[in-house]
Amino acid sequence: MAETVRMTTLVEQGMALVGERNDLRRRLENTHNRLQDPSVRVIVVGEFKQGKSQLINALVNAPVCPVDDDIATTVPTVVRQGEPASAVVLVPAAEGGTLEGTRTELDSDGHERTLERQPVQLDHLADYVSEKGNPGNAKNIVAAEVVLPRKLLAGGLTIVDSPGVGGLGSTHTLTTLTALPSAHAMVFVSDASQEYTEPEMRFLRQAMRISPNVVCVLSKTDLYPSWRQIEDLDRKHLAEVGPDIPLFPVSSELRLQAARLQDTELNAESGFPELIHHLRHNIVGEAARIQRRSVGHDLLSVTENLRLALQSELGALENPEGTPQMIAGLNAAKEDADSLRKRSARWQITLNDGIGDLIADMEYDLKDRLRRIQREAETAIDQGDPGPAWEQFTQWLEQSTAAAVSDTFVWTSERAQWLATQVADHFSEDEVALPALKVADTGGVLDPVADIQEMDNGRLGPLQKVLIGMRGSYGGVLMFGLLTGIFGMALINPLSVGAGLLLGRKAFREDKEARLKQRQAEAKILVRKHVDDVVFQVGKQLRDRLRLVQRATRDHFTEIAEEHHRSLAESVAAAQKAAATYAVERDLRIKEIRGHLKAVDTMAREAQQLLEAPSMENQPKPSTVPAG
């Protein structure tokens, strides 16, 4: 907290130094706004019924997230530090409502939306955030926020309980991936009943491409005696995903029991002290280091821009007889300004061309993934009857489609970051920060896609089977009865009845095959219709988000280019003004400039100290149980 106050003071001092430089003031205002929200967001994710909510309850030693055998979290729940303990739910504000108790934020498409904060009783939170209390989110809750006075949260740690309904193999994967770009870290929870499943491993790979800061937790070790074997298997799986991914076996029940009994040994046995130490040191401490570097970088950039104009004017004032050298310096500054304009034109061309190529590649990647799924689906349809297994088939198709869309979004996010790096290369003379791009936000992208239609399961009732057989046998009996009538036999005789049975059976088989082919053709049409709908809806949203990326990247680097160009222009103007300054005014101005330079240099040293500051000091692993 003291360090945040120190950095805030430095930024405010910098804002006082910039004077009329509104461009530099805007940069420091953004830095100041970031410092006002020091929270470190950690999102807890995993399949449903893996113990995510209970893990959060055990971390903060309070029943903030609903836990029960028939309860699943459907609404994101945010837990942060504060007093007194309280809870609110966020709902879309009614049109024409008052601004009191509301806040405005951007949705996944970059559009503003106003949310209303409604206080609720903490012990009734399950009525709003769980599937049992709020089935299908009928109350239209966007999120819930819980405030607790806890030492663990005092450093800015904010824990987010993500929805688990549907599991990681469903379209809810997209909702979970939505929150990752804005999170500092992800805690991935899987219980000790079995090793990681294929959907869990696929999600982990996708998530780590968005947010590589991942912590894995093996929960419910108190329920499964063989959890150590599961731990070994999970560590092998994690080694295939990435190196040095931490895995912490824990028991939330032991942790809560230790808190009730104030038992230090039982708390250590729960595995939570190691997890808490990692969250405090590696997550919160690393976020603080990144915050320091970000503030230090912004302050250094501002001081360098201010120093450029001040030193140019001071040099001209202190060395008036060096007119030829000063003129040469002015010409060089003008050439630098022209070069910057050319670089500006080049990076804009790179950005525009890159976004065009990225949109084309994204559409091809999405269609290619979905076509492979379509071919696999059609092959499966040709190999059997889709009718009886249509429910399982549509579930597989939706899961495969969601996974393909997630892969395309993550791949597009990586390409967008690569494009931003290419644009930054045009500013290679200086260290340039990249803009924050959130293309991997996949919340709601499949909402406009219609559900796959139902189809006939192909089952025939006994009466239908009899009627089909009778239609085929009737012709056989009549035909053979007439033929045998030539020999003086009755219309219905053993030969005609036998022929009728054979032809009836043949007609039944042919009708069955025709119905099967009809169902197969109908199933293929439904699959193609679904794939086309996904391509249309998701492709539109991806193009829209890439346009947002283009605008964000353009605005980010335009601001940097304008800062450099204005600094060069002001240095030229300051040197020209100094050349025409009289001797008396010159001495006063030199004294004034030196004072400004001293203040700028002092701030530059402070900013450099922020960049060189060591990481958060190692804290001893907590062995005591938390207070209630």
Item to check | Single hit among K220, K52, Q54, E200 for side-chain contact (heavy atoms from CB on, under 4.5 Å) with V189 | outcome: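 That would be K52.
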Next on the checklist: Students often mix this up, so state it plainly: with edges at 30° and 60°, are the rings of W396 and F393 parallel, tilted or perpendicular?
Outcome noted: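 Answer is tilted, since the angle falls between 30° and 60°.
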Checklist entry - Would you call the rings of F203 and F188 parallel, tilted or perpendicular if under 30° counts as parallel and over 60° as perpendicular? => result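 Rings of F203 and F188: parallel, under 30°.
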Which residues pass the salt bridge (Lys or Arg N to Asp or Glu O under 4.0 Å) test with [X], sequence neighbours left out?
X	answer
E363	R543
D127	none
K524	D382
D365	R369

Checklist entry - Of E253, R260, R255, which is the lone residue that meets side-chain hydrogen bond (donor to acceptor under 3.5 Å, both in side chains) with Q257? => result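 When side-chain hydrogen bond (donor to acceptor under 3.5 Å, both in side chains) is applied between Q257 and each of E253, R260, R255, only R260 qualifies.
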Next on the checklist: Test salt bridge (charged side-chain N to carboxylate O under 4.0 Å, His left out) on E231 and R235; report intermediate values, then the result.
Outcome noted: CA-CA 6 Å; E231 179 189 5; R235 290 189 185 279; 2.8 Å; yes
Item to check | Non-neighbouring partners of S193 that pass side chain to side chain contact (heavy atoms under 4.5 Å, CB included), sequence neighbours left out | outcome: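 Partners of S193 under the side chain to side chain contact (heavy atoms under 4.5 Å, CB included) test: D191, Y224.
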Item to check | side chain to side chain contact (heavy atoms under 4.5 Å, CB included) partners for N282, two or more places apart | outcome: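 N282 satisfies side chain to side chain contact (heavy atoms under 4.5 Å, CB included) with H278 once adjacent residues are dropped.
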Checklist entry - Hey, are D533 and K529 close enough for a salt bridge, meaning a charged N less than 4.0 Å from a carboxylate O? => result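 The answer is no: the pair does not qualify as a salt bridge.
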With a 4.5 Å limit on heavy-atom distance, are the side chains of [X] and [Y] in contact?
X	Y	answer
R528	E378	yes
N140	V91	no
T77	V64	no

Checklist entry - Crowded around K139 NZ? As in, over 12 foreign heavy atoms under 6.0 Å? => result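 Enclosed.
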Checklist entry - Do we see a donor-acceptor contact under 3.5 Å between the side chains of R371 and Q374? => result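 The criterion, which ignores hydrogens and geometry beyond distance, is not satisfied for Q374 and R371.
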